[in-house]
Every structure is written in C-alpha cells, then in structure tokens.
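Written below as structure tokens is the structure these notes are about.
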Amino acid sequence: MKTPFKNDPFAIVWLAFKELYPDKECQCFYEPEIRPDADGHEVYGLTDFNEETGEFTVFVKSTLSIEVATEILAHELAHVAVGIGQDHNEVWEKAFDAIFEKYNEIGNKMVEVQEE
C-alpha cells in the first residue's frame, strides 16, 4: 500500500523503523477503542506479542491528532524493535530515540529536496 502524501508522517516513522531494524516485522492498525490499562487509564497505543506465532501487532488509537498518533506509532515500534521484556527501560529508550532521530533525518532531507 502506498500513501498519496509526499510527507506522510506515519510512512516516515515506518521508514525510519525499517532502516534501523530491517529484520523486525509487525502489522500496524488504527484502532478506535484500545482497552484501558490494568489501572483503568486510557491507552493510546498498544503492542501485542503473539507467543504462538512470534508476531507483533501494533495498535494506535484512531481518534488521536496526527502529531500525537505519529509519536505513539514510534513509541510502539520501539517496543517491536527491542522485543519482550524491555518495557520502557534504557534499551527501549535508546530504540525510541533512534527512531525519532532517524525520523527527523529523513524529514529534513525531504524538506531540502522540496526546497531545491
């Protein structure tokens, strides 16, 4: 599937993720209703790991603004990048930061090309 937008932030996050972690795979979905966390708090993104198949599925709440949803996608892809057991620790933080940096690098190059 291709996007019609030349500057699609979700496509850029995905490209950043795949450039950094080319062997990592997952499916991503917009989801209008993601179950609350164990404490009953609203959840904006979720990464699900299927232990039987070893596959990851990422869900991003579809009612979020593009800016927030883009960051949530990067957040969830960082979980895919580091795997199970690295929940918001230093390893996960490095993956999230790397995706964010690569996203900005790709976006900046796109702007430079458009300005030429």
Side-chain angles (χ1 to χ4, degrees):
M1 174 184 335
K2 289 182 113 180
T3 179
F5 297 100
K6 296 290 184 187
N7 61 343
D8 182 340
F10 304 105
I12 297 169
V13 169
W14 181 254
L15 180 59
F17 169 73
K18 291 306 288 182
E19 283 189 14
L20 292 166
Y21 307 100
D23 297 333
K24 300 289 183 171
E25 294 293 333
C26 69
Q27 292 187 28
C28 301
F29 295 93
Y30 288 116
E31 177 59 43
E33 295 184 29
I34 299 175
R35 67 182 180 266
D37 69 11
D39 296 325
H41 297 106
E42 186 174 7
V43 174
Y44 302 108
L46 175 72
T47 299
D48 187 42
F49 177 69
N50 184 320
E51 291 183 22
E52 291 180 17
T53 64
E55 296 175 349
F56 286 94
T57 306
V58 168
F59 299 94
V60 175
K61 192 165 189 170
S62 60
T63 57
L64 300 173
S65 70
I66 291 173
E67 181 181 11
V68 172
T70 300
E71 184 173 346
I72 295 296
L73 177 59
H75 175 113
E76 299 306 328
L77 290 174
H79 286 297
V80 174
V82 300
I84 302 303
Q86 304 290 334
D87 198 30
H88 303 132
N89 63 13
E90 187 176 320
V91 173
W92 175 87
E93 186 77 35
K94 285 182 181 180
F96 178 75
D97 289 346
I99 293 168
F100 182 73
E101 288 173 18
K102 181 59 79 171
Y103 170 86
N104 284 327
E105 177 186 317
I106 294 167
N108 288 336
K109 286 181 184 174
M110 292 175 75
V111 169
E112 290 171 8
V113 169
Q114 290 175 357
E115 289 178 351
E116 293 178 351

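Since we're looking at a predicted model, the values are computed, not measured.
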May I ask whether I84 and V80 are part of the same hydrophobic cluster, defined by side-chain heavy atoms of I, L, V, M, F, W, Y residues being less than 4.5 angstrom apart, directly or through others?
yes
Using the rule that Ile, Leu, Val, Met, Phe, Trp and Tyr join whenever any side-chain heavy atoms are under 4.5 Å apart, tell me whether I12 and L64 fall into a single cluster.
yes
[Y] backbone acceptor or donor facing [X] side chain under 3.5 Å:
X	Y	value
T47	E76	yes
D37	D39	yes
K18	K24	yes

Plane angle bin for H79 and H88 - parallel if under 30°, tilted between 30 and 60°, otherwise perpendicular
perpendicular
How are the rings of W14 and F17 set to each other: parallel, tilted or perpendicular (split at 30° and 60°)?
tilted
Test N89 against Q86 for side chain to side chain donor-acceptor pair (under 3.5 Å), laying out the working first.
CA-CA 6 Å; N89 63 13; Q86 304 290 334; 2.8 Å; yes
Separation of [Y] [atom2] from [X] [atom1] (nearest 0.5 Å):
X	Y	atom1	atom2	answer
F10	I72	CZ	CD1	10.5 Å
W92	H75	CH2	NE2	4.5 Å
F96	E71	CZ	CD	4.5 Å
I106	L15	CD1	CG	4.0 Å
Q27	E55	CD	CD	6.5 Å

Contact summary for [X] and [Y], nearest pair of heavy atoms:
X	Y	value
V82	A95	CG1-CB, 3.6 Å
P9	I66	CG-CG2, 3.5 Å
V58	C26	CG2-SG, 4.1 Å
L77	C28	CD2-SG, 4.2 Å

Given side chains that start at C-beta, do those of [X] and [Y] come closer than 4.5 Å, heavy atoms only?
X	Y	value
F56	E25	no
V68	Y44	no
I99	L20	yes
Y30	L73	no
V60	F29	no

Do you know which of E33, E31, E42 makes salt bridge (Lys or Arg N to Asp or Glu O under 4.0 Å) with K61?
E42
Take atom OH in Y21; do more than 12 heavy atoms of anything else shown fall under 6.0 Å from it?
yes
Once ring pair (Phe, Tyr, Trp, His ring centres under 6.0 Å) is applied, do any residues pair with Y103, and if so which ones, sequence neighbours excluded?
none
Please check if any side-chain donor atom of E105 sits under 3.5 Å from a side-chain acceptor atom of N108, or the reverse.
no
